[in-house]
Enquirer: 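If you scroll down you'll find the structure; I have some questions about it.
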Amino acid sequence: GKDSAARPRSKDRRKDAPMDAPMQPPDAGATAAPQVAAITETLRTPDLLASVCHDLRAPLASIVMGAGFLRRALSPEDQAARRVVEAIHRAADGMNQAITTFSDLARLHMHELTLEMGLHDLGAIVKSVFDEVVAEPSAQGMAISLELGSDIPTVRCDRERMVQILRQLTGAALRVVPDRGTMVVGARRDGSGSVGVDVVIRRHGEPNARRITSEPPKPTLALARGLIELHGGKLAVAGDAEALTMSFALAHEQAAQAM
């Protein structure tokens with residue numbers, strides 16, 4: 001009636017808010033903002049990333065073990081099932097490499113990754129990784145060549161980490177090289193007292209061949225760059241739609257002793 005129409009609005013509501021607006025504490029946003037910022041900052045910390053990588057290894061190991069059991073149990077005549085098992089193995093290998101990459105990146109940021117330095121034949125290291133790349137299923141049908149200088153000297157490096165660097169760079173190249181493209185893996189001695197290593201991909205020479213349209217995976221390059229810098233080198237990445245070059249240089253032993 002008239003009494004209800006004339007009744008004033010509740011003083012609990014803000015004057016500028018509509019009658020059906022939900023009631024909120026005035027400082028709700030201010031209270032939530034620091035909490036969201038704190039959670040976001042925690043997710044960025046390298047130690048959390050390392051912990052997540054550690055927790056992922058256990059279920060991944062179970063997948064690998066299960067796939068290995070199936071590989072042994074399946075009949076050789078069951079080719080369809082074997083192809084599925086091999087696909088599981090390849091996916092598990094890729095996941096393991098990704099976990100290792102992120103785990104090592106976290107260790108780099110926390111300055112916990114150290115090198116075991118020694119004198120090693122860099123040409124032999126490059127050749128061993130090249131042989132791995134040629135055997136990769138994703139490299140089948142691709143023209144991959146090795147170019148090694150005749151006078152590559154020994155370098156002071158961590159051999160396992162140097163293998164990892166080259167695997168990161170060649171793996172990144174395989175991810176972006178177009179169909180019928182080419183890859184060259186090489187090492188050479190230059191005139192500045194260092195040994196250079198290159199991974200180069202090029203598109204096929206035909207006018208209608210696919211161009212290079214993708215960039216190498218950022219985590220892969222970040223890890224390779226960090227490991228190279230630990231060795232005193234620097235990663236250079238340059239290219240366009242026709243070719244992409246990833247290269248770095250290390251001082252050889254004689255030059256290092258003279259410094």
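On a predicted model such as this, the values are computed, not experimentally measured, just so you know.
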Enquirer: Considering non-hydrogen atoms only, spot the tightest contact between Val197 and Arg188 and give its length.
Expert: N-NH1, 3.7 Å
Enquirer: Flag yes if more than 12 heavy atoms outside Glu229 fall under 6.0 Å of its CD atom; otherwise flag no.
Expert: yes
Enquirer: When you look at Gln164 and Arg167, which way does the side-chain hydrogen bond (donor to acceptor under 3.5 Å, both in side chains) test go after all the steps?
Expert: CA-CA 5 Å; Gln164 185 180 13; Arg167 285 173 177 168; over 6 Å; no
Enquirer: Ignoring hydrogens and angles, tell me if any N or O in the side chain of Thr170 forms a donor-acceptor pair with the backbone of Leu166 under 3.5 Å.
Expert: yes
Enquirer: What is the distance from atom CG of Leu105 to atom OG1 of Thr100, rounded to the nearest 0.5 Å?
Expert: 11.0 Å
Enquirer: Please determine whether side chain to side chain contact (heavy atoms under 4.5 Å, CB included) holds for the pair Val185 and Val133, giving the CA-CA distance in whole Å, both sets of side-chain angles, and the decisive distance to 0.1 Å.
Expert: CA-CA 10 Å; Val185 182; Val133 174; 5.6 Å; no
Enquirer: Do Val195 and Val163 sit in one hydrophobic cluster, given that two such residues count as connected whenever their side-chain heavy atoms are within less than 4.5 Å of each other, even indirectly?
Expert: yes
Enquirer: Taking the side chain as everything from C-beta on, heavy atoms only, tell me whether Val184 gets closer than 4.5 Å to Asp198.
Expert: no
Enquirer: Please examine the side chains of Ile165 and Phe248, heavy atoms only from C-beta on, and report whether any two atoms are closer than 4.5 Å.
Expert: yes
Enquirer: Just so I know, are the side chains of Met162 and His120 near enough to count as touching, which here means a heavy-atom distance under 4.5 Å?
Expert: no
Enquirer: To the nearest 0.5 angstrom, please state how far the CZ atom of Arg83 sits from the CD atom of Glu86.
Expert: 11.0 Å
Enquirer: Is any side-chain heavy atom of Val176 closer than 4.5 Å to a side-chain heavy atom of Ile201?
Expert: yes
Enquirer: Report whether Ile63 and Phe102 are members of the same hydrophobic cluster (ILVMFWY, side-chain heavy atoms less than 4.5 Å apart, transitive linking).
Expert: no
Enquirer: Tell me which one of Val177, Thr182, Thr245 satisfies side chain to side chain contact (heavy atoms under 4.5 Å, CB included) with Arg202.
Expert: Thr182
Enquirer: Shared ILVMFWY cluster between Leu122 and Leu148, side chains joined below 4.5 angstrom?
Expert: yes
Enquirer: To check you understand the geometry: which heavy-atom pair defines the closest contact between Met246 and Leu169, and what is its length?
Expert: CE-O, 3.4 Å
Enquirer: Return the minimal non-hydrogen interatomic distance between Ala172 and Thr220, and the atom names on each side.
Expert: CB-CG2, 4.0 Å
Enquirer: How far does CG of Leu235 sit from CD of Gln168, to the nearest 0.5 angstrom?
Expert: 11.0 Å
Enquirer: Is a side-chain donor or acceptor of Arg71 paired with a backbone partner of Arg82 at a separation under 3.5 angstrom?
Expert: no
Enquirer: Does CD in Gln79 sit with more than 12 non-hydrogen atoms of other residues, nucleotides or ligands closer than 6.0 Å?
Expert: yes
Enquirer: Which pair of non-hydrogen atoms, one from Ala173 and one from Val199, has the smallest distance, and what is that distance?
Expert: CB-CG1, 3.9 Å
Enquirer: Just so I know, are the side chains of Leu230 and Leu108 near enough to count as touching, which here means a heavy-atom distance under 4.5 Å?
Expert: yes
Enquirer: Run the salt bridge (charged side-chain N to carboxylate O under 4.0 Å, His left out) check on Arg161 and Asp104 step by step: do they pass?
Expert: CA-CA 11 Å; Arg161 293 299 180 183; Asp104 285 343; 3.2 Å; yes
Enquirer: Atom SG in Cys157, atom CG in Leu119: separation rounded to 0.5 Å?
Expert: 8.5 Å
Enquirer: If you compare all heavy atoms of Asp158 against all heavy atoms of Met117, which two are closest, and at what distance to 0.1 Å?
Expert: N-SD, 3.8 Å
Enquirer: Grab the two heavy atoms, one from Leu174 and one from Met183, that are nearest each other, plus how far apart they are.
Expert: CD2-CE, 3.5 Å
Enquirer: Just so I know, are the side chains of Leu244 and Pro216 near enough to count as touching, which here means a heavy-atom distance under 4.5 Å?
Expert: yes
Enquirer: Without swapping roles, check the side chain of His231 against the backbone of Leu227 for a donor-acceptor pair under 3.5 Å.
Expert: yes
Enquirer: If two hydrophobic side chains count as joined below 4.5 Å and joins carry through other members, does Met142 share a cluster with Phe130?
Expert: yes
Enquirer: Rounded to the nearest 0.5 Å, what separates atom CE in Met95 from atom CZ in Arg90?
Expert: 15.0 Å
Enquirer: Between Val84 and Val64, is there shared hydrophobic-cluster membership here, with clusters defined by ILVMFWY side-chain heavy atoms closer than 4.5 Å?
Expert: no
Enquirer: Would you say the side chain of Leu60 lies within less than 4.5 Å of the side chain of Ile99, judging by non-hydrogen atoms?
Expert: yes
Enquirer: I need the Leu115 CG to Arg159 CZ distance, nearest 0.5 Å.
Expert: 15.0 Å
